[in-house]
Amino acid sequence: MNPDLTWVLNDVLQVPGARHAILVSADGLLLANSSEIGRDDAETVAAAMSSMQSLSRAVAPFIGTRDPGRWRQTLLEYEDGWIFLIAAGSGAYLAATSAADVDMEAMSFRMQQQVAALGKAMTTPPRQHADSEI
């Protein structure tokens, strides 16, 4: 079962200036996309974002760390906007785009909130056995 996670991604877009959001697997597969971006475009971006997080981890020693697991976020700045890329659990990443004048703190905070919501949405409680005493 693949749950529809569009609602989580669309919520990221509530930040004024936010444009698109996608959820990407570590191997570059598109897991979900916000309503504002077409599937074909989202799949292309998903592959690129997977590569971007890999590059971000590879250059971790440049800042003085040998532990690429400490990567938290990658920001790409363009004349017309930003791309934000953050970890979204084990083997998944959340990427979002925004206008150049977005409140970057609000955008990062909203993305972190949605990663927490994704964790809750994807968590399945342990099954209780019918013959269990618990």
Side-chain angles (χ1 to χ4, degrees):
M1 176 178 120
N2 289 332
D4 181 7
L5 300 174
T6 304
W7 63 273
V8 174
L9 300 177
N10 285 340
D11 193 68
V12 171
L13 305 183
Q14 298 304 307
V15 175
R19 293 179 177 152
H20 308 294
I22 62 171
L23 186 63
V24 182
S25 71
D27 57 357
L29 297 177
L30 178 67
L31 300 175
N33 57 285
S34 61
S35 302
E36 301 297 318
I37 186 171
R39 179 122 185 127
D40 288 345
D41 288 339
E43 286 178 350
T44 300
V45 172
M49 289 297 101
S50 174
S51 295
M52 187 57 58
Q53 69 77 29
S54 181
L55 287 170
S56 296
R57 289 176 190 275
V59 297
F62 187 58
I63 63 163
T65 183
R66 297 197 187 281
D67 182 7
R70 296 192 180 274
W71 170 82
R72 293 185 183 166
Q73 178 173 271
T74 298
L75 295 172
L76 299 170
E77 181 181 14
Y78 295 86
E79 185 175 329
D80 294 328
W82 293 91
I83 296 175
F84 297 77
L85 178 64
I86 65 171
S90 180
Y93 307 96
L94 176 60
T97 65
S98 72
D101 62 351
V102 73
D103 179 336
M104 294 177 68
E105 184 178 358
M107 188 73 175
S108 290
F109 181 73
R110 178 62 64 99
M111 290 176 72
Q112 292 296 335
Q113 284 181 313
Q114 294 316 106
V115 165
L118 278 169
K120 290 177 185 172
M122 300 297 286
T123 300
T124 304
R127 293 181 187 216
Q128 299 294 325
H129 296 290
D131 59 348
S132 172
E133 296 291 320
I134 301 176

Heavy-atom closest contact (Arg19 atom, Glu36 atom, distance): O-CB, 3.6 Å
Atom pair CE (Met49) and CG (Leu23), whose distance is rounded to the nearest 0.5 Å: 13.5 Å
Residue pair Gln114 / Arg110, side-chain donor-acceptor N/O under 3.5 Å: no
For the student: nearest non-hydrogen atoms of Ala18 and Leu13, plus distance: CB-CA, 3.7 Å
Met107 side chain near Val12 side chain, heavy-atom distance below 4.5 Å: yes
Closest contact, heavy atoms only, Ser108 versus Gln73: OG-OE1, 3.2 Å
Ala46 versus Val24, closest heavy-atom pair with distance: O-CG1, 3.3 Å
Shortest non-hydrogen contact between Asn33 and Leu30, atoms and distance: OD1-CD2, 3.7 Å
Transitive ILVMFWY side-chain link Trp82 to Leu55, under 4.5 Å: no
Gln14, CD atom: more than 12 neighbouring heavy atoms under 6.0 Å: yes
Asn10 side-chain N/O to Ser35 backbone N/O, donor-acceptor pair under 3.5 Å: yes
Main-chain N/O of Ser34 paired with Thr6 side-chain donor or acceptor, under 3.5 Å: no
Those residues that, when tested against Ser54, pass side chain to side chain contact (heavy atoms under 4.5 Å, CB included) (two or more places apart): none
Passing option when Leu85 is tested against Leu76, Thr74, Leu75 for side chain to side chain contact (heavy atoms under 4.5 Å, CB included): Thr74
Same apolar cluster (I L V M F W Y, side chains within < 4.5 Å links), Val8/Phe109: no
Phe84 vs Leu94 side-chain heavy atoms within contact, under 4.5 Å: no
Smallest separation among heavy atoms of Leu31 and Ala92, with atom names: CD1-CB, 4.3 Å
Pairwise distance CD(Glu77) to CE(Met104) - rounded to 0.5 angstrom: 7.5 Å
